[in-house]
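Report on the following structure.
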Number of protein chains: 2
Amino acid sequence: MNTRFDRLALLETFVRIAERGSLSEAARDLGTSQPSISRQLAALETRLDVVLARRTTHDVTLTPDGLALLEDARRMLGEWEAIEERHSEDDALKGVIRVIAPVALGQSLFVRAASQFMKDHPSVTIDWRLRDDAIRFAEEGCDCWLKIGAVPDDTLVVRELARVERLVVGTPECLAAHATQPLKDLPWLTLGPFEGNRIELSNSGGSAQVFSVTPKMASDNIFAIYEACLEGVGVAILPRWFIADDLVQGILIDAEPDLRAARLPVNLALAPGTKRPARVERFCEAIQVWCRDQLGSSA
Amino acid sequence: MNTRFDRLALLETFVRIAERGSLSEAARDLGTSQPSISRQLAALETRLDVVLARRTTHDVTLTPDGLALLEDARRMLGEWEAIEERHSEDDALKGVIRVIAPVALGQSLFVRAASQFMKDHPSVTIDWRLRDDAIRFAEEGCDCWLKIGAVPDDTLVVRELARVERLVVGTPECLAAHATQPLKDLPWLTLGPFEGNRIELSNSGGSAQVFSVTPKMASDNIFAIYEACLEGVGVAILPRWFIADDLVQGILIDAEPDLRAARLPVNLALAPGTKRPARVERFCEAIQVWCRDQLGSSA
DNA sequence: GTGTGTTCATACGCTAGGCGTATAGCAGTC
DNA sequence: GACTGCTATACGCCTAGCGTATGAACACAC
């Protein structure tokens with residue numbers, strides 16, 4: 001089988017097929033004909049001697065082998081791109097960067113960093129998806145993953161961006177109303193994924209106190225907790241970046257200046273590999289710098 | 001410039017050109033015509049918009065850009081190979097593995113491991129080059145580099161294979177003749193790259209003694225030192241694997257059973273990257289296992 | 001200098017591999 | 001059952017890359 005296809009082009013169409021779930025749509029995307037796509041997929045399968053996708057008349061689903069190839073194909077295409085753009089004299093970044101970020105950070109703080117990046121690089125497009133749950137990175141086709149807490153995938157390269165400070169806050173009224181009560185009896189507003197019903201605070205000396213609470217309200221959404229807190233319903237553990245303005249304005253008060261919840265690490269995860277497209281590399285750098293400046297090492 | 005070249009094929013011929021230093025020879029290697037090679041190189045240069053090689057009528061030398069590409073090209077071709085062979089049902093390894101090993105280890109101990117590997121995988125060829133000096137890994141085109149001591153290139157992936165035990169040995173006669181002398185006054189045979197004129201020995205408790213000597217003989221070749229030692233000229237610090245048989249036969253004697261020179265780490269260095277051809281991956285595993293078994297963690 | 005041998009680059013058909021168009025077959029939807 | 005949208009296959013076309021042949025440049029020998 002002496003085929004003269006460009007192997008990287010085959011990978012390109014394969015990735016496109018995987019992303020669109022259809023040969024026809026891939027063909028439209030790539031500005032070619034559907035039979036061409038069909039032939040290319042067949043050629044790739046012949047070449048690798050493996051079935052990459054199950055075709056029915058109405059959809060295309062990758063086989064496990066196809067899924068495995070998808071990851072490698074994306075990486076190799078990225079590497080080729082890095083090679084091609086290394087010597088392109090216009091150093092203007094371009095293309096799309098796919099980012100997955102946690103909901104809370106992604107819709108407020110981080111999106112400002114991303115916006116700045118887009119301003120700095122007008123030809124760059126960002127696909128900004130907000131998700132808090134663990135993702136199947138390899139299948140998503142995303143370039144970088146911002147994650148609060150540990151990254152549950154040890155095949156990825158992880159860079160720590162910051163460790164965010166979290167403090168106990170409440171409205172002045174709320175705090176005054178419960179001033180005489182011990183900590184554990186406050187009306188706690190707890191954020192599901194982090195606290196559950198167990199609160200752990202420690203002072204700068206490192207000595208910790210741990211106690212269980214029956215939350216006034218529990219939620220998996222930080223904005224809900226925040227709003228309830230503003231309403232004076234109770235006290236909550238919130239990251240400093242989230243309530244910095246309110247602290248300045250006195251709307252919320254640091255209830256226990258000596259006590260802090262454990263810092264939450266914010267990580268940046270990338271697919272492993274030696275070379276990445278410049279736009280991805282630069283975006284990651286920008287995010288890192290931005291975190292250092294905005295969140296600080298003590299943010 | 002709508003070219004239909006297979007980009008990976010372009011990289012392949014480019015690497016071949018770099019290795020052979022000639023378009024014509026590359027053409028012969030690849031079983032094609034010289035004009036074809038010429039066109040491919042030109043196409044790659046056009047595509048990347050960079051001059052990769054200076055051609056004179058009698059030789060081809062890579063530009064710095066070409067040298068940079070060479071590294072990436074080798075990596076990408078390796079990755080493609082890994083993809084292709086992942087699903088090849090015959091799990092027989094094949095192809096050539098290029099290894100650079102230290103002279104002493106490479107011509108005796110390690111070559112046995114390599115031999116075993118070739119026996120286990122008949123279709124594998126090994127290009128076994130022995131060099132003690134630091135190499136420009138990226139330019140050499142080698143797959144793995146066995147190195148005594150630290151690997152002076154932090155772009156490489158390093159795996160420690162063993163830490164070899166080194167002891168003071170001499171012939172029984174030689175040791176008897178100098179039995180009354182303090183260590184530092186023995187007729188030392190020193191191995192240049194490691195000892196110089198400064199001997200450092202420590203006991204199992206960790207306390208060390210250091211002294212300078214004026215060597216009876218100094219050399220950068222372990223076999224020379226070894227032969228002189230066998231001749232009874234003096235005492236030498238030699239690795240256990242090197243003189244294990246002689247110790248058993250009583251030809252050489254462990255002069256200071258309580259004292260040992262610092263263990264020398266033996267490392268395996270690889271080009272970074274996520275996927276390597278199976279033969280390389282398996283060879284490295286084999287070497288690691290072999291080292292564990294033959295040299296042991298206390299070898 | 002001249003000759004010889006080697007190198008790389010270019011010119012010129014040729015050929016075959018990949019393209020698009022057209023069509024067939026199939027599955028789900030209305 | 002007609003319709004729609006999908007993938008696979010057949011068929012001719014077209015061109016990109018091939019090999020052959022040739023030319024220019026350089027190295028070395030004499």
Side-chain angles (χ1 to χ4, degrees), chain A residues 1-63 65-67 69-70 73 84, chain B residues 1-63 65-67 69-70 73 84:
Chain A
M1 170 59 85
N2 192 17
T3 173
R4 221 152 49 185
F5 279 104
D6 176 357
R7 282 168 278 176
L8 288 179
L10 294 186
L11 293 184
E12 244 167 312
T13 76
F14 172 69
V15 169
R16 206 47 155 267
I17 291 169
E19 284 174 354
R20 310 288 296 180
S22 151
L23 303 205
S24 303
E25 290 192 42
R28 281 191 282 274
D29 273 20
L30 297 171
T32 183
S33 67
Q34 169 268 318
S36 176
I37 299 293
S38 180
R39 276 192 296 264
Q40 291 187 33
L41 179 55
L44 188 57
E45 289 182 319
T46 303
R47 173 124 204 182
L48 301 182
D49 195 28
V50 68
V51 176
L52 296 171
R54 296 279 168 213
R55 287 82 123 181
T56 72
T57 52
H58 248 75
D59 69 335
V60 174
T61 57
L62 295 192
T63 62
D65 289 332
L67 229 46
L69 178 65
L70 184 57
E84 266 203 330
Chain B
M1 170 59 86
N2 192 19
T3 172
R4 220 150 51 185
F5 280 104
D6 176 357
R7 283 168 277 176
L8 289 178
L10 293 186
L11 293 183
E12 245 168 312
T13 77
F14 171 69
V15 170
R16 205 48 154 270
I17 292 169
E19 286 174 354
R20 309 289 293 180
S22 151
L23 305 204
S24 304
E25 290 192 42
R28 282 190 282 274
D29 273 20
L30 297 172
T32 182
S33 67
Q34 170 267 318
S36 176
I37 298 293
S38 179
R39 275 192 297 264
Q40 291 186 32
L41 178 56
L44 188 57
E45 289 181 319
T46 304
R47 174 124 204 183
L48 301 183
D49 194 28
V50 67
V51 176
L52 296 170
R54 296 280 168 211
R55 287 82 122 181
T56 73
T57 51
H58 247 73
D59 69 336
V60 174
T61 57
L62 296 192
T63 62
D65 289 331
L67 229 44
L69 178 65
L70 184 56
E84 265 202 331

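Chain letters run A, B, ... following the sequence lines, proteins first and then strands; every chain starts at 1. Since the structure is predicted, the reported quantities are computational estimates derived from the model, not experimental observations.
B/A53 and B/L41 get closest at one heavy-atom pair: CB-CD2, 4.4 Å. The two residues B/D65 and B/V51 make their nearest non-hydrogen contact at CB-O, 4.0 Å. Across every non-hydrogen atom of A/L8 and B/L8, the tightest pair is CG-CG, 3.9 Å.
Atom C1' of nucleotide C/dT10 and atom CD1 of B/I37 are separated by 16 Å, given to the nearest angstrom. In this structure, A/Q40 atom CD and C/dC19 atom C1' are separated by 10 Å, rounded to whole Å. In this structure, the CZ atom of B/R54 is 12 Å from the P atom of C/dA9, given to the nearest Å. Remark: P of D/dA8 and CG of A/D59 are 12 Å apart, rounded to the nearest angstrom. To the nearest angstrom, C1' of D/dG5 lies 15 Å from CZ of A/R20. Atoms CG (B/L52) and P (C/dC8) sit 15 Å apart, rounded to a whole Å.
Proximity of a side-chain donor or acceptor of B/D6 to a complementary backbone N or O of A/R7 within less than 3.5 Å is detected. Under a 3.5 Å cut-off, the side chain of A/S38 and the backbone N or O of A/Q34 do not form any donor-acceptor pair. Checked by atom type and distance alone, the side chain of A/T13 never pairs as donor or acceptor with a backbone atom of A/I37 at under 3.5 Å.
Near DNA chain D, defined here as any heavy-atom distance below 4.0 Å, the residues from residues 21-32 of chain B are B/T32, listed numerically. Looking at residues 11-19 of chain B, you'll see that no heavy atom sits under 4.0 Å from any atom of DNA chain D.
Expressed to the nearest 0.5 Å, how far CD1 of A/I17 lies from CG of A/L30 amounts to 8.5 Å.
Residue B/Q34 is classed as a base contact, given a heavy-atom separation below 4.0 Å to a base.
Residues that satisfy the side chain to side chain contact (heavy atoms under 4.5 Å, CB included) test with B/S36, not counting sequence neighbours, are B/T32, B/S33, B/R39, B/Q40. Evaluation of the side chain to side chain contact (heavy atoms under 4.5 Å, CB included) rule for B/E19 yields B/V15, B/R16, B/R74, B/R98 as partners, not counting sequence neighbours.
At its two ends the helix from C/dG1-D/dC30 to C/dC30-D/dG1 runs along axes set 20° apart, each axis drawn from five pairs and the angle rounded to 10°.
If you find the closest nucleotide of DNA chain C to A/D6 and to A/T56, the one lying nearer the 5' end belongs to A/D6.
The phosphate of C/dC8 has neither OP1 nor OP2 within less than 4.0 Å of any side-chain N or O from B/S38. In this structure, B/S33 does not reach the D/dC18 phosphate: none of its side-chain N or O atoms is under 4.0 Å from OP1 or OP2.
Nearest to the side chain of A/T57, among D/dC6, D/dA8, C/dT10, sits D/dC6. Residue A/R4 places its side chain closer to D/dA16 than to any other of C/dT21, C/dA27, D/dA16. Distance from the side chain of A/T3 is smallest for C/dG18 among the nucleotides C/dC19, C/dG18, C/dA27. The side chain of A/R55 sits closest to D/dA8 out of D/dA8, C/dG18, C/dT21.
Residues B/L70 and B/L52 are not in side-chain contact: their nearest non-hydrogen atoms beyond the backbone lie 4.5 Å or more apart.
Pairs of residues two or more places apart, or lying in two chains, that qualify as salt bridge (Lys or Arg N to Asp or Glu O under 4.0 Å) and include a residue from residues 51-63 of chain B are B/E45-B/R55.
Side-chain to base pairing of A/R39 with C/dG17: no donor and acceptor N or O lie closer than 3.5 Å to each other.
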